Engineer: 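Structure below; questions to follow.
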Amino acid sequence: MSRSFTGSPHTDQALAGFGAGLVSTTILHPLDVIKIRFQVDAAKQSEKRPLIGGTIKAFREICNTEGFFRGLYRGVTPNMAGATASWGFYFWWYSLIKKHMPKDDQGKLSAVQHLLASAEAGALTAVMTNPFWVIKTRMCTTTRFTPDAYTGLWNGLTRLAREEGIRGLYRGMVPALFGTSHGAIQFMAYEEMKKARNDLRKRAGDSPAHELDARLSTTEYLIMAASSKVTATVATYPYQVLRSRLQDRQTRDTYKGVWDCTKKIYAAEGGIGFYKGLAPNIIRVLPGTCITFLVYENLSQYFKAHAS
């Protein structure tokens with residue numbers, strides 16, 4: 001049996017993911033608020049405005065009208081619950097699925113296997129955490145002054161279940177499942193970059209095989225994490241807009257489903273409508289991914305070093 005800090009290597013991975021999600025979400029939640037408000041804005045953009053300028057303007061407006069914490073950190077509780085659960089479950093499933101996949105002669109998985117493991121882990125995680133994201137979307141798109149708005153995670157979950165039932169808890173589930181391609185692309189790229197770098201070290205003969213991952217520098221981890229995340233974000237971003245529109249309480253009766261939502265966004269807003277909120281998302285992606293993977297990799301190495 002593999003040595004483990006908690007008694008299970010998969011639990012080690014889950015805890016590392018949980019910690020990574022917690023730290024990243026706490027620091028960067030304000031950009032999530034801005035991104036989601038852009039995503040659910042169905043108005044056609046008639047003016048050309050700098051992407052980053054729009055994000056900064058929104059940041060200032062929220063601070064001035066709602067306050068820094070109560071405005072920019074509205075919805076942080078469901079976001080933290082969803083993010084920590086997602087990262088924890090994701091890494092747990094990802095580790096478990098990879099363990100049961102057939103390896104090559106060198107004990108490695110192929111790029112396709114990494115892609116499949118990531119997609120399967122993402123789908124299972126999406127099903128388990130979707131209610132958190134519905135509450136997050138609805139809190140981020142309202143203020144504390146909005147009549148009948150959710151006051152917190154528990155208030156939102158109980159009201160959502162009571163008022164809309166299972167259908168409400170799983171609004172936006174279809175695009176969320178489409179979104180597993182995001183994690184699949186991200187983790188396939190990340191694993192392949194890490195494997196390529198380790199292969200270079202192995203050929204150079206400067207590290208024993210069992211020390212390769214441990215010898216990767218912080219800078220190398222950050223570059224690989226950010227590159228893989230940006231690639232996945234640009235490739236799959238429209239699903240986030242679709243999910244937010246379907247989950248938003250104000251527009252829940254506007255769209256009959258994913259295809260209806262897609263047609264209406266394109267007809268009213270054009271192709272750019274599927275990329276609303278991309279700027280704050282990209283701004284969030286780089287530091288968020290770096291923080292997440294840095295915490296995850298360091299916790300993983302800590303657990304390995306203190307395994308029994």
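Quick caveat, the model's predicted, so the values are computed rather than measured.
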Engineer: Is it the case that the side chain of S95 and the backbone of F91 share a donor-acceptor pair, with hydrogens and angles ignored and the cut-off at 3.5 Å?
Structural biologist: no
Engineer: Could you tell me whether D260 and K263 have a side-chain N and a carboxylate O separated by less than 4.0 Å?
Structural biologist: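 A salt bridge is absent here (no side-chain N lies under 4.0 Å from a carboxylate O).
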Engineer: Counting only N and O atoms by type, is there a donor-acceptor contact under 3.5 Å from the side chain of K195 to the main-chain atoms of L109?
Structural biologist: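 Checked: pair present.
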Engineer: Mind checking whether Y190 and Y296 sit in one hydrophobic cluster, side chains of I, L, V, M, F, W, Y counted as touching below 4.5 Å?
Structural biologist: yes
Engineer: What I want to find out is whether R249 reaches E163 closely enough, with some N-O distance under 4.0 Å, to be called a salt bridge.
Structural biologist: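 Looking at E163 together with R249, the answer is yes, because their closest N to O distance falls below 4.0 Å.
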Engineer: Please walk me through it: do K194 and E220 pass salt bridge (Lys or Arg N to Asp or Glu O under 4.0 Å)?
Structural biologist: CA-CA 9 Å; K194 191 163 70 169; E220 288 173 318; over 6 Å; no
Engineer: Apply side chain to side chain contact (heavy atoms under 4.5 Å, CB included) to F89 and L124, showing your working.
Structural biologist: CA-CA 8 Å; F89 283 131; L124 290 167; over 6 Å; no
Engineer: Is there a side chain to side chain contact (heavy atoms under 4.5 Å, CB included) between V40 and T251 once you walk through the steps?
Structural biologist: CA-CA 8 Å; V40 300; T251 59; 5.7 Å; no
Engineer: What distance separates T84 OG1 from L15 CG, expressed to the nearest 0.5 Å?
Structural biologist: 11.5 Å
Engineer: Keeping the roles fixed (side chain from S228, backbone from M224), state whether a donor-acceptor pair exists under 3.5 Å.
Structural biologist: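 Looks like yes, one N/O pair under 3.5 Å.
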Engineer: Does a side-chain heavy-atom distance below 4.5 Å link Q247 with N130?
Structural biologist: yes
Engineer: Show, in sequence, the C-alpha distance, side-chain angles and deciding distance for S110 and D104, and conclude whether the side chain to side chain contact (heavy atoms under 4.5 Å, CB included) test is met.
Structural biologist: CA-CA 8 Å; S110 68; D104 62 18; over 6 Å; no
Engineer: Please assess T137 against R171 for the test side-chain hydrogen bond (donor to acceptor under 3.5 Å, both in side chains), listing each intermediate value before the final yes or no.
Structural biologist: CA-CA 11 Å; T137 297; R171 284 187 181 275; over 6 Å; no
Engineer: Quick one: closest heavy-atom pair of P280 and F38, and the distance?
Structural biologist: CG-CD1, 3.9 Å
Engineer: Heavy-atom distance under 4.5 Å between the side chains of K136 and I36, does that happen here?
Structural biologist: yes
Engineer: For S300 and A16, which heavy atoms make the closest approach, and how far apart are they?
Structural biologist: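 That closest heavy-atom pairing would be OG-CB, 3.7 Å.
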Engineer: Please collect all ring-ring contact (aromatic ring centres under 6.0 Å, His included) contacts where either partner lies in residues 94-139, sequence neighbours excluded, each pair once.
Structural biologist: Y90-Y94, Y94-F187
Engineer: Looking only at heavy atoms, which two atoms of L246 and Y255 are closest? And how far apart?
Structural biologist: CD2-CB, 3.9 Å
Engineer: Any side-chain donor paired with an acceptor under 3.5 Å for K98 and Q113?
Structural biologist: no
Engineer: Ignoring hydrogens and geometry, is there a side-chain-to-backbone donor-acceptor pair from T25 to L22 under 3.5 Å?
Structural biologist: no
Engineer: What about Y239 and W259, same hydrophobic cluster or not, with Ile/Leu/Val/Met/Phe/Trp/Tyr joined at side-chain heavy-atom distances under 4.5 Å?
Structural biologist: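 Hydrophobic grouping puts Y239 apart from W259.
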Engineer: Looking at R245 and C261, would you say the former's side chain and the latter's main chain have a donor-acceptor pair under 3.5 Å?
Structural biologist: no
Engineer: Measure the shortest side-chain to side-chain distance between K103 and K108 over non-hydrogen atoms and say whether it is less than 4.5 angstrom.
Structural biologist: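 When only atoms from C-beta onward are counted, K108 and K103 do not touch, as no gap falls below 4.5 Å.
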Engineer: When you compare the side chain of N79 with that of M139, does any pair of heavy atoms fall below 4.5 Å?
Structural biologist: no
Engineer: Is it the case that one hydrophobic cluster holds both I185 and L177, taking links as side-chain heavy atoms less than 4.5 Å apart, direct or via other members?
Structural biologist: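 Cluster IDs for I185 and L177 differ.
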Engineer: When you group the ILVMFWY residues by side-chain heavy-atom contacts below 4.5 Å and let the links chain together, are M128 and L153 in the same group?
Structural biologist: no
Engineer: For the OH atom of Y302 and the CG atom of N298, what is their distance to the nearest 0.5 Å?
Structural biologist: 12.0 Å
Engineer: Is any side-chain heavy atom of P238 closer than 4.5 Å to a side-chain heavy atom of K276?
Structural biologist: no
Engineer: Check G82 against T129 and note the closest heavy-atom contact, atom names and distance.
Structural biologist: O-CG2, 4.4 Å
Engineer: Minimum heavy-atom separation for T236 and A232, please, with both atom names.
Structural biologist: OG1-O, 2.8 Å
Engineer: Taking the side chain as everything from C-beta on, heavy atoms only, tell me whether I265 gets closer than 4.5 Å to L242.
Structural biologist: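 Sidechains of L242 and I265: in contact.
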Engineer: Which pair of heavy atoms, one from C63 and one from L72, lies closest together, and at what distance?
Structural biologist: SG-CD1, 3.3 Å
Engineer: Quick check for you: to the nearest 0.5 Å, what is the distance between L31 atom CG and T55 atom OG1?
Structural biologist: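 Here the rounded value is 7.5 Å.
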Engineer: So that I can tick it off, tell me whether E164 and R167 are bridged by a salt bridge, with the cut-off set at under 4.0 angstrom between side-chain N and carboxylate O.
Structural biologist: no
Engineer: If you measure from CZ on F59 to CD1 on I34, what distance do you get to the nearest 0.5 Å?
Structural biologist: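 One gets 6.5 Å once the value is rounded to the nearest 0.5 Å.
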Engineer: Working note: D248 + T141, criterion side-chain hydrogen bond (donor to acceptor under 3.5 Å, both in side chains); need CA distance, chi angles, decisive distance, verdict.
Structural biologist: CA-CA 7 Å; D248 183 27; T141 54; 3.1 Å; yes
Engineer: Using atom types as modelled and distance alone, determine if a side-chain donor or acceptor of S181 lies under 3.5 Å from a backbone N or O of F178.
Structural biologist: yes
Engineer: Ignoring hydrogens and angles, tell me if any N or O in the side chain of Y170 forms a donor-acceptor pair with the backbone of V127 under 3.5 Å.
Structural biologist: yes
Engineer: Give a yes-or-no answer on whether the side chains of Y150 and R159 include a donor-acceptor pair shorter than 3.5 Å.
Structural biologist: no
Engineer: Between R70 and T143, do the side chains contain a donor N or O and an acceptor N or O under 3.5 Å apart?
Structural biologist: no
Engineer: With no hydrogens and no angle check, is any side-chain donor or acceptor of H29 less than 3.5 Å from a backbone partner on R74?
Structural biologist: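 Such a contact is found between H29 side chain and R74 backbone.
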Engineer: Could you give me the CA-CA distance, side-chain angles and deciding distance for K35 and R284, then say whether side chain to side chain contact (heavy atoms under 4.5 Å, CB included) is met?
Structural biologist: CA-CA 9 Å; K35 176 193 73 174; R284 186 201 187 287; 5.5 Å; no
Engineer: Are I166 and L157 co-members of a hydrophobic cluster defined by side-chain heavy atoms under 4.5 Å apart?
Structural biologist: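 The answer is yes; both residues are in one hydrophobic cluster.
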Engineer: Who pairs with Q39 by side chain to side chain donor-acceptor pair (under 3.5 Å), at least two apart in sequence or on another chain?
Structural biologist: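 If we apply the side chain to side chain donor-acceptor pair (under 3.5 Å) test to Q39, skipping adjacent residues, the hits are Y237, S244.
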Engineer: Nearest 0.5 Å, what's the CE-CG distance between M101 and L116?
Structural biologist: 5.0 Å
Engineer: Rounded to the nearest 0.5 Å, how far does CD1 of I135 lie from CG of N155?
Structural biologist: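 The distance works out to 8.5 Å.
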Engineer: Contact between W92 and T125 at the side-chain level, heavy atoms closer than 4.5 Å - yes or no?
Structural biologist: no
Engineer: Any heavy-atom pair between the side chains of L160 and L169 that's under 4.5 Å?
Structural biologist: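 Sidechains of L160 and L169: in contact.
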